[in-house]
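Please read the structure below before turning to the comments.
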Number of protein chains: 2
Amino acid sequence: MTVNESGGSPAPASRSRRRRRDAEENSTRILDAARQVFAAQGVATSIEVVAEHSGLGLGTIYRHFANKEALVNELARQLLEAAVDLAERHVASGEDALRQYLWDVAELLGSQPGIIRTIWNFPGSETLTARSRTAQAGLLRRAQEAGSVRGDLVPEDVAVALFAVTGILDIGRAAAASGWQRHLEAVLIGWGTSGPGLRHAPLTAADMDDIISGSGI
Amino acid sequence: MTVNESGGSPAPASRSRRRRRDAEENSTRILDAARQVFAAQGVATSIEVVAEHSGLGLGTIYRHFANKEALVNELARQLLEAAVDLAERHVASGEDALRQYLWDVAELLGSQPGIIRTIWNFPGSETLTARSRTAQAGLLRRAQEAGSVRGDLVPEDVAVALFAVTGILDIGRAAAASGWQRHLEAVLIGWGTSGPGLRHAPLTAADMDDIISGSGI
DNA sequence: CAGTAACCGGAAACTGGTTTCCGCTTAATA
DNA sequence: TATTAAGCGGAAACCAGTTTCCGGTTACTG
């Protein structure tokens, strides 16, 4: 598990007492349990199951998260954040790391099936997705400079490739792993500089905005 | 709308009276309404909305379909069947139609977002998925013979590509169209005979069996 | 046209999960 | 150690669908 961070509850007003240590820990206990349960059985699983799995009471969950949606969103936030960190780290490396980035994110996303569906579109995701796009653009430019991918690719192409991976991951658990790898491999060859040009126009930034802020079905 | 067919209710026992014409028609009315509603708002939409949209009563829906799941399954069945027909028609043409097939299915699936998630895995899908795989294998072999794709591709690669398309379609509605086209274009180049070989092993038939019969999440 | 089985509608019962509530417990502070 | 705000558990209220039921209709058949 690579994802983790802060808690779910709002920080206590600076004055007054400090947050109890058990409460602090329970926050992460809940998130961990939720991550596992949702990864294994899907987000449709009831909160009660999460409670059992975490060894805490139902009421406790609701003390830490306003409602189920808030819990799921926090998980999505953390996952997306981890993905963005990854991207930025690869950009910072200065290397031509587009390929490695794709592999790493795919792996990361694969660790959390059941949540991936929601990460592109939860309230407050805008900041993170913006960072993600910037980083992806950086990785792409670098790869283009290095001559490993064609010049007419745009950052949106990278995002779309991730959507595609999501689709593969979302279907079969165990067997899916080798599936996305080989698929991405083909995509990367297709993105190479040697092949014929791509005839279909890429998504525009505006399309992308539309996608990541449309009221997801 | 390319999808359509029979009704949802079991045919009447040969003896006794014939099925009333209005009932017959209502069956398809319900399916059509469900298709539209689910495509527009997702399968999570309540049956009541479908009833309203079809202009029929709630009870009528349940007279035609045992429960919501049965209704959704029937939609999935019809969609998958349309996809299989497509594949078989392309095989029968005798041409090198792999690319055209991919375009056509993607378009078909795109007409029914909200249902696509379920088509690989509903009770009774085995027969259809088997046909689908046979047809895809045929299309692939033909393409390989024509020299338009490399020889080491397997039918599972085609299926995985469709999973990928599903992921793209599933995310943004309006903007998604151009997305999958350009993505598939890259994949096809990657599948071409000129590029470097694919290093990652493909899914096996066994993997695929596992995927399309695992208790979906 | 009369008879009747099939069909329709929608109110009411049911279901399973979410969310609230509050008496009891416990960690922090002095 | 006494005090107390914060936190906990889980029973019960609530809610949004789903599904059942049955009195009233309507299309077939003779």
Side-chain angles (χ1 to χ4, degrees), chain A residues 6-34 37-38 40-75 114 118 217, chain B residues 6-34 37-38 40-75 114 118 217:
Chain A
S6 61
S9 293
S14 52
R15 189 68 169 68
S16 82
R17 259 184 210 199
R18 195 171 123 233
R19 190 155 187 235
R20 273 168 57 167
R21 197 164 297 164
D22 57 344
E24 198 83 46
E25 191 204 306
N26 284 344
S27 248
T28 62
R29 277 243 292 240
I30 293 170
L31 286 168
D32 287 344
V37 169
F38 292 157
Q41 342 243 26
V43 271
T45 317
S46 77
I47 290 292
E48 197 165 351
V49 174
V50 174
E52 273 163 34
H53 194 79
S54 69
L56 298 169
L58 239 188
T60 305
I61 309 252
Y62 280 91
R63 156 164 290 274
H64 287 263
F65 298 91
N67 48 40
K68 183 176 183 173
E69 205 191 346
L71 171 55
V72 173
N73 284 343
E74 176 58 16
L75 288 180
T118 62
I217 278 195
Chain B
S6 62
S9 291
S14 52
R15 190 68 167 70
S16 81
R17 256 182 214 201
R18 195 171 125 234
R19 191 157 188 237
R20 271 167 58 167
R21 196 164 299 162
D22 56 345
E24 196 84 46
E25 191 204 306
N26 284 343
S27 248
T28 61
R29 277 245 291 240
I30 293 169
L31 287 167
D32 287 344
V37 168
F38 292 158
Q41 341 242 25
V43 270
T45 317
S46 77
I47 292 291
E48 197 165 353
V49 174
V50 174
E52 273 164 33
H53 195 78
S54 70
L56 297 169
L58 241 188
T60 306
I61 308 253
Y62 280 90
R63 157 163 289 273
H64 288 261
F65 299 90
N67 48 38
K68 184 176 181 173
E69 205 189 347
L71 171 54
V72 173
N73 284 343
E74 175 59 16
L75 288 179
T118 62
I217 279 196

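Predicted model only: the values in this text are computed from it and were never measured. A, B, ... follow the sequence lines: proteins, then strands. Residue 1 opens every chain.
Taking atom CD of A/E24 as the reference point, atom P of D/dC8 lies 11 Å away to the nearest angstrom. Regarding A/K68, its NZ atom lies at a distance of 15 Å from the P atom of C/dG16, rounded to whole Å. For the pair A/E25 CD and C/dA28 P, the interatomic distance rounds to 11 Å; values are reported in whole Å. A/R63 places its CZ atom 8 Å from the C1' atom of D/dC8, with the value rounded to the nearest Å. One atom, CD of B/E52, and another, C1' of C/dG10, lie 12 Å apart when rounded to the nearest Å. Straight-line distance from the CD1 atom of A/I30 to the C1' atom of C/dT18: 15 Å, rounded to whole Å. Rounded to whole angstrom, the span from the CD atom of B/E48 across to the P atom of D/dT18 amounts to 9 Å. Here the P atom of nucleotide C/dC7 and the CZ atom of B/F65 are 13 Å apart, to the nearest Å.
Where B/R20 and B/L58 each meet DNA chain C at their nearest nucleotide, the meeting point lying more 5' is that of B/R20. Along DNA chain D, the nucleotide nearest A/L56 and the nucleotide nearest B/A44 are compared for position; the residue whose nucleotide lies closer to the 5' end is A/L56. Where A/Y62 and B/D22 meet DNA chain C, the nucleotide closest to each residue was compared, and B/D22 sits on the side nearer the 5' end.
With values rounded to the nearest 0.5 angstrom, B/L71 atom CG is found 5.0 Å from B/F38 atom CZ.
No donor-acceptor pair under 3.5 Å is formed between the side chain of B/T60 and the backbone N or O of B/L56.
At a cut-off of 3.5 angstrom, the base of D/dA27 holds no donor-acceptor pair with the side chain of B/R21. The base of D/dC28 sits with one of its N or O atoms less than 3.5 Å from a complementary donor or acceptor on the side chain of B/R17.
At a threshold of 4.0 Å, the pair B/E25-B/R21 does not count as salt-bridged, since none of the basic side-chain nitrogens sits closer than that to a carboxylate oxygen.
Contacts of A/D22 classified as side-chain hydrogen bond (donor to acceptor under 3.5 Å, both in side chains), with partners at least two apart in sequence or in another chain: A/R20.
When distances are taken from the side chain of A/S46 to each of D/dT29, C/dC8, C/dG17, the shortest belongs to C/dG17. When each of C/dT29, C/dT18, C/dC7 is scored by its nearest atom to the side-chain atoms of A/R18, the top-ranked nucleotide is C/dT29.
Between D/dG7 and A/N26, no contact under 4.0 Å exists linking OP1 or OP2 to a side-chain N or O. For A/T60 and D/dG7, the shortest distance from a side-chain N or O to OP1 or OP2 is not below 4.0 Å. Within the 4.0 Å cut-off from OP1 or OP2 of C/dC8, at least one side-chain nitrogen or oxygen of B/H64 is found.
Other residues, nucleotides and ligands place more than 12 heavy atoms under 6.0 Å from the CD atom of B/E52.
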